[in-house]
Amino acid sequence: MRILLHYAGRAAGAWHDAFVRALPEAEIVPWTPQDASTFDYAIVYKPTAEQAAALARVKAVFNLGAGVDPFLAMPALPASVALVRLEDAGMAEQMVEYAIYAVLRVFRDFPRYADDQRARRWSPQRRADKSAFRVGVLGLGVLGQRVAATISGLGFPVLGWSRGARTIGDVTTLAGAEGLRALLPQCRVVIALLPHTPETDGLLNRATLSLLPQGAWLVNLARGALVVESDLLALLDEGRLGGAMLDVFVEEPLPRDHPFWHHPRIEITPHVSGLTLVEPAVAQVAAKIRALERGLAVTGVVDRERRY
Ligand code: NDP
């Protein structure tokens, strides 16, 4: 079995070595401009359109990430080739950590106390009512489900939103455009964990974000393009929204002159909410390749119509 590995970056050697260890029966070949038709599988991370076009004959392409939006923007990858994404692989735990921090930070008023500290102001606030502090989770897939269930387990009422109907413990689940309109006005914090598709592009814009209650926070852990950044800025400047914690941006790295860098109500992290971890990712991909070789079906195959 021959497997083409495309991973450009500092960790390329670590990925290669880990795949060699996990699949000793396979020949793992680092990508060079070569004829990809002699390979059984390809494992890729952010390939170019030209590289995607070369993969027409492999049995499956494994994406070393959960989001496949850059891939689907390339018409070059033939629809006949199965595109398999990472499912959790250590990312859900990271998303949960980030989400807990964000929710508790807002619930316990830490941004206000940071302002107070800068002003040398001693101003204790009353305890907020947790039962009235609703948290929304947009996207109830592999990652969103874990986040929704964990925040709910902390005692917050959680509302979750997905395309189809979902049931998750005590989480109130809603679906479709009506569901989003019902969810947003209730949520003090809304956490985005949706894939970027034509349907979710710019979903969080002036009209939808204005449905949030006064002072609500947006936490975007998914893709920058879900948010119309100028609309978010305007709503923050108008005092409609309380703040935003953003891990992802329309353009990454965030350009040095972008207004988000120095906005007092925006907190930024550099696309680190759910990092791809070598060991769990390699174990997952290796197990799926072995299953496919035995003629078994695998999960995580991207639906090319839905685009996630
Ligand atoms: P999944 O495919 O498992 O889940 C996607 C969820 O979004 C599903 O619940 C799906 O609904 C819902 N959804 C999709 N389209 C719509 C729509 N139009 N309206 C309502 N709901 C919709 O993805 P993951 O949970 O694994 O990952 C989510 C996203 O997180 C990834 O696509 C990626 O962009 C991002 N991500 C970001 C990372 C980072 O470091 N910042 C790391 C990893 C992922 P349904 O259940 O009905 O199908």
Side-chain angles (χ1 to χ4, degrees), residues 45-46 62-73 83-99 101-102 136-151 158-168 171-184 190-205 208 218-227 244-254 267-278 280-281 284-285 288 298-308:
Y45 184 71
K46 296 186 181 163
F62 289 86
N63 182 47
L64 292 177
V68 290
D69 37 335
F71 233 116
L72 298 179
L83 175 60
V84 188
R85 68 190 195 88
L86 283 184
E87 299 173 283
D88 183 355
M91 283 183 269
E93 183 183 357
Q94 299 173 65
M95 290 297 186
V96 162
E97 291 161 356
Y98 200 123
Y101 173 73
V137 180
L138 308 182
L140 296 174
V142 175
L143 304 177
Q145 278 191 40
R146 280 277 292 282
V147 166
T150 309
I151 301 296
V158 177
L159 292 87
W161 187 65
S162 55
R163 219 156 85 127
R166 294 259 173 179
T167 309
I168 308 162
V171 176
T172 303
T173 52
L174 300 158
E178 278 301 308
L180 186 65
R181 274 196 293 277
L183 177 146
L184 291 173
V190 69
I191 303 171
L193 272 166
L194 291 162
H196 179 216
T197 68
E199 282 178 37
T200 63
D201 185 79
L203 180 78
L204 298 170
N205 52 39
T208 49
L218 171 68
V219 182
N220 188 8
L221 308 182
R223 285 292 182 267
L226 302 180
V227 178
M245 289 179 71
L246 306 173
D247 185 51
V248 285
F249 307 91
V250 170
E251 189 180 344
E252 296 181 6
L254 189 65
E267 291 166 32
I268 283 170
T269 49
H271 203 137
V272 290
S273 54
L275 295 174
T276 300
L277 305 177
V278 177
Q284 185 176 105
V285 171
K288 287 184 180 180
V298 296
T299 58
V301 177
V302 173
D303 180 326
R304 304 289 268 277
E305 286 283 303
R306 288 188 327 185
R307 302 170 82 94
Y308 70 93

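As the structure lists them, so they are numbered: ligands from 1, and atoms in each ligand from 1.
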Using distance alone, decide if ligand 1 has a nitrogen or oxygen within less than 3.5 Å of any nitrogen or oxygen in G139. no
Any nitrogen or oxygen of L140 lying under 3.5 Å from a nitrogen or oxygen in ligand 1? Just yes or no. yes
Any N or O of L275 that comes nearer than 3.5 Å to an N or O of ligand 1? no
Could an N or O of ligand 1 be found under 3.5 Å from any N or O of G67, whether backbone or side chain? no
Whether Q94 lies under 4.0 Å from ligand 1, heavy atom: no
Taking the side chain as every heavy atom from C-beta outward, state whether R306 and T197 have any pair of such atoms under 4.5 Å apart. no
Heteroatom proximity flag, L143 to ligand 1, N/O under 3.5 Å: yes
Given 3.5 Å as the limit, does a donor-acceptor pair link the side chain of Q94 with the main chain of L275, or not? yes
Looking at residues at least two apart in the chain, or sitting in another chain, which of them share a salt bridge (charged side-chain N to carboxylate O under 4.0 Å, His left out) with R307? none
Could you identify the single nearest non-hydrogen protein atom to atom 12 (C) of ligand 1 and state the distance to 0.1 Å? L194 CD2, 3.8 Å
Ligand 1 contact on V142 by region, counting heavy-atom pairs under 4.0 Å: both
Within-cut-off N or O pair, T200 and ligand 1, under 3.5 Å: no
Decide whether the shortest distance between a heavy atom of E87 and an atom of ligand 1 is less than 4.0 Å. no
Just distances here: any N/O of E199 and N/O of ligand 1 closer than 3.5 Å? yes
Intermediate values then yes/no, side chain to side chain contact (heavy atoms under 4.5 Å, CB included), M95 and R146: CA-CA 8 Å; M95 290 297 186; R146 280 277 292 282; over 6 Å; no
Does some non-hydrogen atom of T197 fall short of 4.0 Å from ligand 1? no
If we set the cut-off at 4.0 Å for heavy atoms, which region of M91 has an atom near ligand 1: side chain, backbone, both, or neither? side chain
Hey, is the main chain of P195 close enough, under 3.5 Å, to the side chain of T200 for a donor-acceptor pair? yes
Check ring pair (Phe, Tyr, Trp, His ring centres under 6.0 Å) between Y45 and all other residues, then give those that pass, not counting sequence neighbours. Y7
Looking only at distance, does R163 have an N or O less than 3.5 Å from an N or O of ligand 1? yes
Name the option, out of G300, S273, G164, that contains the heavy atom nearest to atom 39 (C) of ligand 1. S273
Under 4.0 Å from any heavy atom of V248, which atoms of ligand 1 are there? 41 (N)
Taking distance alone, with N or O pairs closer than 3.5 Å, would you say R166 contacts ligand 1? yes
Is the shortest distance from a heavy atom of Q145 to ligand 1 less than 4.0 Å? no
Per-atom contacts, ligand 1 versus G274 - under 4.0 Å to a heavy atom: 39 (C), 40 (O), 42 (C)
Side chain to side chain contact (heavy atoms under 4.5 Å, CB included) assessment of D247 paired with V272: CA-CA 7 Å; D247 185 51; V272 290; 3.7 Å; yes
Distance from atom 37 (C) of ligand 1 to nearest protein heavy atom, with residue and atom: L221 O, 3.2 Å
Stepwise side chain to side chain contact (heavy atoms under 4.5 Å, CB included) test for I268 and F249: CA-CA 9 Å; I268 283 170; F249 307 91; 3.7 Å; yes
Audit row: I151, V137, side chain to side chain contact (heavy atoms under 4.5 Å, CB included) steps and yes/no: CA-CA 10 Å; I151 301 296; V137 180; 5.6 Å; no
